Every structure is written in C-alpha cells, then in structure tokens.
Amino acid sequence: MIRVLVSVVGAAKPRAPHSTTARYLHSSYDVAVVGAGIVGLATARELILRHPSLRFVLLEKEPELSLHQSGHNSGVIHSGIYYTPGSLKARLCVRGATLAYDYCDRKGLPYKRCGKLIVAVDQEEVPRLRALYERGLQNNVRDLSILDAKGIREREPYCRGVMALDSPYTGIVDWRQVALSYGADFEEAGGTVVTNYEVNDIAMANESAAGSSEGLKYPIAIRAKKGEEVRCRYVLTCGGLHSDRLSQMSGCSPEPRIVPFRGDYLVLKPDKHYLVKGNIYPVPDPRFPFLGVHFTPRMDGSIWLGPNAVLAFKREGYKLFDFNLRDFGDALSFRGLQRLVLKNFRYGLGEMYRGVFIGAQVKLLQRYIPEISLSDVLRGPAGVRAQALDREGNLVDDFVFDGGVGDVASRVLHVRNAPSPAATSSLAIGEMIADEVEGRFAL
C-alpha cells in the first residue's frame with residue numbers, strides 16, 4: 001500500500017513580503033540581515049520573534065526573495081538518514097523536518113508526505129544500505145524499515161532492487177513558498193524587507209554630524225552598489241552563493257571558498273508519471289563527492305530525474321552557457337577546486353558527459369526503473385549549489401561562522417556555510433543562528 005499524506009488545509013499561496021526601496025528606508029536599525037534565502041529568512045524571523053522591541057532590516061540584492069538556492073532545489077523534506085549520528089547536521093535535520101511539517105500545518109501550506117525509498121540495486125550495495133538503516137535509527141528518524149524485493153514492488157511497482165530502506169516520513173513541499181511565508185512572518189512582526197539592495201561594503205560608519213549620537217549608537221554602515229547606506233548596530237550575513245565575498249568585505253579570510261556546482265535535471269513526460277509514486281534515491285557511494293541521480297515528485301505534479309553535478313561557470317548560472325568571468329576565474333584559480341578535480345577526475349568527466357548526452361543519464365535511471373526510455377524524458381530545470389571548499393579540495397560539510405576584523409569584528413557575524421539539507425533544517429538552523437547572534441552580540 002502506498003502511504004501518502006497530503007496537507008492542503010487552507011492551501012492559499014502565502015503573501016509575498018512588501019519590499020522597500022532604499023530611499024524609503026529608515027536610516028538605522030538594531031540588526032541588519034543580509035541575504036533573503038531560506039536560511040536568512042528563517043533566522044530573521046526567529047530573531048524578531050525573540051526580540052520584538054528591536055528594529056530589524058532584511059537586505060536582498062534581487063528584486064524578489066529566495067530566487068536562487070531556495071527557489072531552485074528538489075523540494076524534498078528530508079528525514080535525516082544520511083548524517084553522522086550525533087552530528088549537528090543530523091540533529092538539525094531531524095528537528096527541522098518536524099518543525100517544517102508543523103509550520104506548514106499551522107500556515108496551511110501544502111505538502112505531501114510521499115515517502116522515500118533508498119534502493120540497493122545489487123548485493124554489493126546491501127552492506128552500505130544496512131549501515132544507513134542503523135545510522136537512521138541512531139538519528140531517531142521516524143518509521144524506518146527495510147524492504148525486500150517484493151516490498152519494493154509493493155511500494156514502487158516499476159522499481160527494481162534487491163533491498164531498500166523505506167522512509168515514509170520523507171515528504172515534498174515548495175520550499176520557495178515556505179521561504180516567502182517566513183518573510184511574511186518577519187514583516188508582520190515589524191521587520192523591514194528591502195530588495196534591490198546589493199551590498200558592496202560593510203565597514204565602520206563615517207563620523208556623524210556634530211551633536212549627533214547616530215554614529216556611536218549605529219556604528220556599522222552597509223553600503224550598496226547604487227550608493228545607498230544603512231546603519232546598524234549589528235550585522236548578520238546569510239549570503240549563500242556569495243557568502244565568501246560578503247565575508248571578505250569585513251576583512252575575513254577568503255576561505256572556505258564558495259564554488260558553484262550546477263545540477264541539471266531531466267523531467268519525466270506526463271504520460272509516464274505512473275512509473276514513479278514517491279522519492280527513489282540511490283545508496284550513496286563514498287568514493288564520490290555527490291549523491292547521484294534520483295527520482296523526485298514535485299508539488300506541481302511533475303517528476304524530476306537527476307541531477308548531475310558539474311562546475312557552473314557563473315554563481316547564479318542556471319543555463320549551460322551562462323558565464324561570468326569573475327566567477328569562473330575565482331573558481332579555476334582556487335587550489336581547493338584544482339585538488340578536488342584531480343581527486344575526482346573520472347567522476348567529473350562522467351558528470352559532464354551525462355549533462356550533454358542525456359541518454360547516458362537515462363542509463364543510470366534505468367538501473368532503478370528499467371521501463372524508462374530516452375523518449376520518456378525531456379531536459380528540465382537546473383539548480384546551483386553553493387559548495388564550500390577548503391584549500392585541500394575537501395567539501396566543507398559543516399556549519400562555518402566567521403566574524404570581521406578590527407572594529408567590525410565584534411559586530412558582524414557571517415554564516416559562511418549552511419550545508420544541505422538547509423531547507424529542511426531551516427527553522428532549526430534559524431534557532432541555532434539566533435542563539436549564536438544572541439551570544440555574540442548580547443541582544
């Protein structure tokens with residue numbers, strides 16, 4: 001029996017926050033949050049709910065909120081299976097999933113608890129699958145079970161495998177819709193949302209006019225490319241794909257460096273949607289840095305297949321030929337990327353090949369659902385992942401915080417890395433970052 005729980009109570013689309021242009025800005029705030037992706041929005045929301053008497057502003061460079069990673073992802077509510085027991089990622093994901101479902105129920109945001117199978121297609125993968133099961137149990141993931149080949153067919157009639165891990169608590173949601181709801185909460189609590197504000201400097205403010213205490217009370221100036229300036233007491237940056245550059249503005253180390261990886265999806269044609277009921281994932285291969293192809297139902301009824309993982313030539317480049325000279329040069333000149341490429345050269349070539357020749361991607365998909373053919377798929381959307389790398393070519397898989405230097409140091413906190421699954425964990429991450437902000441700034 002297929003277990004699907006759908007929440008559609010009051011499923012109206014959340015109102016997008018009203019954005020403010022810089023010329024209508026109040027001149028000074030207690031806390032400025034830079035970056036209105038899902039992590040920045042969740043944290044700004046948490047902070048203003050804890051400190052309603054303080055003045056908060058949220059600064060976003062785009063004309064709308066959550067246009068990048070938060071709006072270009074698989075839409076999965078993860079249950080917390082993959083992560084090292086006791087790790088911060090594991091705890092945040094398990095708590096974050098519970099908070100996400102509760103939040104969607106309270107706000108009437110639609111989701112589907114359609115479940116996930118992690119499928120071993122041969123005996124070689126079975127030990128790793130059993131290890132994942134034990135890991136999930138240690139992480140307190142709900143309702144996990146092991147299925148044999150017959151059980152797989154009962155859950156996913158067209159999927160083939162020798163064993164699978166069944167996670168019925170996994171679901172899907174439109175994470176951008178959730179992020180916009182966080183933004184609406186922030187604004188309703190008295191926060192100011194500012195779009196089209198691309199930050200290019202974070203520094204101590206110039207001296208105030210004679211007789212004014214503004215410079216003493218609000219000593220940090222956040223300047224935009226168009227010349228606007230916001231003053232504040234404290235700054236939190238959640239810059240995603242630009243987190244390393246925002247950090248450098250206040251004198252921090254350029255590392256870990258953000259290297260953008262694009263993931264290209266295929267989509268299953270509508271007349272073949274019957275082949276997939278819920279999420280179908282591979283058993284992770286520890287030899288490779290990324291997860292591999294999977295089958296992902298979407299809230300709009302479509303089914304995404306993939307993605308691959310290739311270097312993006314632009315930090316916000318969602319198309320094959322999107323290119324930015326600065327982004328490309330920064331990536332190629334970074335020693336960490338060079339080492340990552342050397343360590344995973346054959347894997348990287350395979351990912352690039354499958355990105356160009358989708359028949360090769362289909363062959364991987366056929367390991368799980370043999371009935372899928374090249375004629376059943378179309379090229380689909382893409383997302384860009386802000387992958388943090390160190391100088392040795394290691395993927396930074398944990399949260400990284402950084403402060404400024406000099407006079408700025410005690411007043412700026414940078415979220416340098418918020419690793420996947422940041423959307424699932426967003427409310428829990430917001431709590432953690434708010435704790436960090438309170439501890440550092442004594443709000």
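The shown structure was predicted, so the numbers you read here are calculated from the model rather than taken from an experiment.
Residue Phe323 places its CZ atom among more than 12 non-hydrogen atoms of other residues, nucleotides or ligands, all under 6.0 Å distant. The environment of Glu124 atom CD is sparse: at most 12 non-hydrogen atoms of other residues, nucleotides or ligands sit within 6.0 angstrom.
Side chains of Thr296 and Ser74: no donor on one and acceptor on the other come within 3.5 Å. A side-chain N or O of Ser426 and one of Tyr182 form a donor-acceptor pair less than 3.5 Å apart. Side chain to side chain, Asp185 and Tyr103 meet the donor-acceptor criterion of an N or O pair below 3.5 Å.
Asp102 pairs by the side-chain contact (heavy atoms from CB on, under 4.5 Å) definition with Thr98, Arg106, not counting sequence neighbours. Remark: Tyr368 engages no residue in a ring pair (Phe, Tyr, Trp, His ring centres under 6.0 Å) (not counting sequence neighbours).
At a threshold of 4.5 Å between non-hydrogen side-chain atoms, the residues Pro297 and Asn279 count as touching. Between Leu58 and Thr192, every side-chain heavy-atom pair lies at or beyond the 4.5 Å cut-off.
Interatomic distance, Leu395 CG to Leu389 CG, rounded to the nearest 0.5 Å: 6.0 Å. To the nearest 0.5 angstrom, Arg176 atom CZ is 9.0 Å from Ser70 atom OG.
A salt bridge is defined here as a Lys NZ or Arg NE, NH1 or NH2 lying under 4.0 Å from an Asp or Glu carboxylate O, and Glu351 with Arg346 fails to meet this definition. A salt bridge links Arg95 and Glu431; the closest N-O separation between the charged side-chain nitrogens and carboxylate oxygens is under 4.0 Å. Residues Asp30 and Arg55 are not paired through a salt bridge, judged by the lack of any N-O separation under 4.0 Å between the basic side chain and the carboxylate. Taking a cutoff of 4.0 Å between a charged side-chain nitrogen and a carboxylate oxygen, Asp330 and Arg245 qualify as a salt bridge. A salt bridge between Lys314 and Asp322 is absent, with no side-chain N of the basic residue lying under 4.0 Å from a carboxylate O of the acidic one. Salt bridge Arg130/Glu134: absent, no basic N to carboxylate O contact under 4.0 Å. Ionic pairing of Glu229 and Arg231 is present here: one or more N-O contacts between side-chain nitrogen and carboxylate oxygen are shorter than 4.0 angstrom. Between Glu255 and Arg391 there is a salt bridge, with a side-chain nitrogen of the basic residue lying less than 4.0 Å from a carboxylate oxygen of the acidic one. Taking 4.0 Å as the cut-off between side-chain N and carboxylate O, Asp397 and Lys89 count as a salt-bridged pair. A salt bridge links Asp244 to Arg315: at least one charged side-chain nitrogen sits closer than 4.0 Å to a carboxylate oxygen. Asp435 and Arg50 are joined by a salt bridge, as a carboxylate oxygen and a charged side-chain nitrogen come within less than 4.0 angstrom of each other.
Nearest approach of Asn394 to Lys343, heavy atoms of both residues: OD1-NZ, 3.4 Å. Closest approach of Asn139 to Gly86, counting heavy atoms only: OD1-N, 3.8 Å. Here the closest heavy-atom approach between residue Phe295 and residue Leu305 is recorded as CD2-CD2, 3.4 Å. The two residues His414 and Ser250 come nearest to each other via the heavy atoms NE2-OG, 2.6 Å.
You'll find the ring centres of Tyr111 and Tyr101 inside the 6.0 Å limit. Aromatic rings of Tyr318 and His72 (six-membered ring for Trp) have centroids within the 6.0 Å cut-off, being under it.
Ring geometry, His78 versus Tyr281: the interplanar angle exceeds 60°, so the pair is classed perpendicular (tilted spans 30 to 60°).
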With a 3.5 Å cut-off and sequence neighbours excluded, list the donor-acceptor pairs that the side chains of residues 378-385 form with protein atoms.
residue : atom : partner : partner atom : Å
Arg379  : NH1  : Gly355  : O            : 3.0
Arg379  : NH2  : Val356  : O            : 2.7
Arg385  : NE   : Gln387  : OE1          : 3.2
Arg385  : NH2  : Gln387  : OE1          : 3.4

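Checking Ser247, Ser253, Ser243 one by one against Arg416, the side chain to side chain donor-acceptor pair (under 3.5 Å) holds for a single residue, Ser247.
No donor-acceptor pair closer than 3.5 Å links the side chain of Thr237 to the backbone N or O of Gly239.
With Phe334 as the aromatic partner, Arg257 meets the cation-pi criteria of under 6.0 angstrom to the ring centre and within 45 degrees of the ring axis.
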